[in-house]
Amino acid sequence: MVAHPNSGERETMELDTEQLDRAALAILSLTLHDENRVWKGIDWAITDRLHEKGLVHDPVGRTKSLALTDESLAVAEAALKEFFSTT
């Protein structure tokens, strides 16, 4: 089950971890290099596109995390439900 910490308003949902793991591998494979290695983070082109769409704050900088916008939090929650919810 996934519950978003710091947000008592969001519901807890069960996730299909098999689908989630497959999606994570698909995303990781976008950074494939040297035959079988991938970067641990998301490709910068993706974060740049998300920034251009107004879904994350400026991704350029030294931090290893991204700040999501209110709109992107709603998009992420809807995507979790659509793609990975088992309920």
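Predicted model only: the values in this text are computed from it and were never measured.
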[atom1]-[atom2] distance between [X] and [Y], expressed to the nearest 0.5 angstrom:
| X | Y | atom1 | atom2 | result |
| --- | --- | --- | --- | --- |
| R22 | L20 | CZ | CG | 11.5 Å |
| I27 | D43 | CD1 | CG | 11.0 Å |
| D16 | S85 | CG | OG | 9.0 Å |

Would you kindly confirm whether [X] and [Y] end up in one hydrophobic cluster when ILVMFWY residues are joined by side chain heavy atoms under 4.5 Å apart?
| X | Y | answer |
| --- | --- | --- |
| L55 | L73 | yes |
| F83 | L80 | yes |
| V56 | L30 | yes |

What are the two closest heavy atoms between H33 and T31, and how far apart are they?
ND1-O, 3.1 Å
State, to 0.1 Å, how close E71 and G54 come at their nearest heavy-atom pair, and which atoms those are.
OE1-O, 4.4 Å
I'd like to know whether CG of L28 has more than 12 heavy-atom contacts from other residues, nucleotides or ligands below 6.0 angstrom.
yes
So, does D34 use its side chain to make a donor-acceptor pair with the main chain of R37 at under 3.5 Å?
no
Quick one: does T47's side chain have a donor or acceptor within less than 3.5 Å of a partner on P59's backbone?
no
Working for side-chain contact (heavy atoms from CB on, under 4.5 Å), residues H57 and L66:
CA-CA 7 Å; H57 296 283; L66 291 171; over 6 Å; no
